[in-house]
Asks: 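Got a structure here, written out as structure tokens. Questions coming.
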Amino acid sequence: MAAPRVLVLRAPGTNCDVETAHAFELAGATAERIHVGRLSENPALHKRYQILCIPGGFSYGDDIAAGRILATRMRHHLDDMIHHFVDSGDNLVLGICNGMQVLMRLGVLTTGIQTPQMASVRGDEDSVASPSDQSWDGESDWSSFDVPPATLTWNNHGRFEDRWVHLAVDKTPCVFLKDIDQMFLPMAHAEGKFVARDADALEQLRAAGRLALRYCDSSGQIESETLPFPTNPNGGDANVAGVCDASGRVFGLMPHPERHIDATQHPFWTRRKTQPEHGDGLQMFRNAVQWFA
Ligand SMILES: NC(=O)CC[C@H](N)C(=O)O
């Protein structure tokens with residue numbers, strides 16, 4: 001098997017690209033860190049790669065909302081690249097933390113979830129606009145806009161939070177989580193609270209196995225009720241920490257698997273009686289490589 005080639009996307013403010021590329025290399029891939037500006041200059045560059053990874057950090061300083069500017073830049077200038085990785089069926093996409101925020105803003109993690117328009121969310125069914133009314137002329141009522149099935153917003157306590165969390169894997173088609181039940185990984189974010197549009201959207205996502213990764217206590221139970229802080233560090237709906245697309249090839253998670261690839265990265269590693277061979281996060285990168293075998 002030839003090693004799959006990973007494009008680790010960099011933008012101004014990205015700060016986890018080196019360790020993310022290292023994790024992929026350790027798992028047997030070939031990884032290159034490529035700046036978004038280089039892709040704009042050479043739009044065919046992405047064709048060399050089979051995996052797109054958007055790593056963590058503070059792209060464009062988290063201005064407007066975390067991940068918003070990079071997602072907008074990608075949507076307007078790198079549409080072919082999104083199509084190549086997301087829609088072709090042959091490739092994988094991983095967004096870690098700021099990368100998940102980008103994927104959520106792009107809408108690629110929640111495709112296929114039925115979206116009523118604003119008016120029907122308000123219970124104002126009669127005024128739902130026809131699809132042809134969707135463009136905004138500056139005068140229209142907000143009722144003509146789609147409401148996304150889910151988004152990421154500020155942590156409940158309104159601050160950046162940095163801690164180790166227990167995670168449980170739900171029944172899911174996610175390629176990256178194959179054969180993983182539980183992980184212990186660090187999280188570090190301010191805008192990582194997953195919020196579904198309503199109970200119906202949450203149930204559609206859950207039933208399709210899209211809510212792939214959840215915060216849990218050390219016993220690994222997957223709760224649908226929101227767990228208290230700090231078990232659920234941001235207060236997100238149904239303790240969601242990671243979401244995948246319907247195919248399982250596109251996955252975003254808020255915690256950082258690349259920060260726990262070696263056993264000595266575990267905060268209590270000196271007190272453990274036996275050391276595992278690797279940190280919990282490495283298997284995710286290995287699963288990605290093995291998918292191409
Ligand atoms: N570690 C990260 O990628 C952080 C993501 C983003 N800057 C936030 O604070 O929410």
Side-chain angles (χ1 to χ4, degrees), residues 6-24 31 33-36 51-74 93-110 148 150-167 176 183-196 212-215 226 229-230 232-237 239-244 250-261 265-267 279-282 284-285:
V6 188
L7 190 172
V8 179
L9 183 65
R10 289 173 54 231
T14 301
N15 64 12
C16 303
D17 48 318
V18 174
E19 50 271 64
T20 302
H22 175 65
F24 271 112
R33 297 178 297 119
I34 309 277
H35 195 277
V36 64
I51 303 174
L52 169 67
C53 180
I54 310 176
F58 293 77
S59 59
Y60 301 96
D62 285 354
D63 278 359
I64 308 177
R68 171 70 68 198
I69 295 178
L70 181 54
T72 304
R73 188 159 180 196
M74 287 170 72
V93 180
L94 177 65
I96 302 171
C97 200
N98 197 225
M100 177 180 183
Q101 293 165 332
V102 172
L103 296 180
M104 287 294 287
R105 310 284 180 227
L106 281 172
V108 296
L109 296 176
T110 51
T151 191
L152 291 166
T153 188
W154 278 84
N155 298 342
N156 262 3
H157 60 32
R159 295 190 304 273
F160 188 91
E161 183 67 31
D162 180 2
R163 63 170 60 246
W164 284 73
V165 286
H166 293 280
L167 298 153
F176 295 89
M183 290 189 286
F184 188 51
L185 299 179
M187 55 71 65
H189 60 244
E191 293 178 56
K193 176 182 174 178
F194 175 87
V195 181
L213 193 65
R214 317 256 201 128
Y215 301 108
T226 303
F229 179 87
N232 174 339
N234 52 41
D237 286 352
N239 310 302
V240 173
V243 179
C244 68
V250 182
F251 179 49
L253 78 167
M254 289 309 296
H256 287 268
E258 82 285 7
R259 294 185 188 174
H260 191 196
I261 51 171
Q265 290 169 318
H266 190 289
D280 289 0
L282 186 63
M284 272 188 49
F285 300 96

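First listed ligand is number 1; within each ligand, the first listed atom is number 1.
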Asks: Testing the 3.5 Å rule here: is there a donor-acceptor pair between the side chains of Ser59 and Arg68?
Replies: no
Asks: Tell me whether Asn155 contacts the main-chain N or O of His189 through its side chain, where contact means a donor paired with an acceptor under 3.5 Å.
Replies: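 Side chain of Asn155 to backbone of His189: a pair is present.
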Asks: How long is the gap from CG on Leu106 to CG on Leu70, to the nearest 0.5 Å?
Replies: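 Rounded to the nearest 0.5 Å, the CG-CG separation comes out at 8.0 Å.
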Asks: I need the contact residues for ligand 1: any residue with a non-hydrogen atom closer than 4.0 Å to the ligand, ordered by chain then number.
Replies: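 Lining ligand 1 at under 4.0 Å, by heavy atoms, one finds Gly56, Gly57, Phe58, Asp62, Cys97, Asn98, Gln101, Phe160, Ala188, His189, Ala190, Glu191, His256.
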Asks: Could you give the distance from CD (Glu161) to CH2 (Trp154), rounded to the nearest 0.5 Å?
Replies: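 Going from CD on Glu161 over to CH2 on Trp154, the span is 12.5 Å.
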Asks: Looking just at side-chain N and O atoms, do Asn232 and Thr226 make a donor-acceptor pair shorter than 3.5 Å?
Replies: no
Asks: Once side chain to side chain contact (heavy atoms under 4.5 Å, CB included) is applied, do any residues pair with Asn156, and if so which ones, sequence neighbours excluded?
Replies: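 Partners of Asn156 by the side chain to side chain contact (heavy atoms under 4.5 Å, CB included) criterion, ordered by chain and then number, come out as Lys193.
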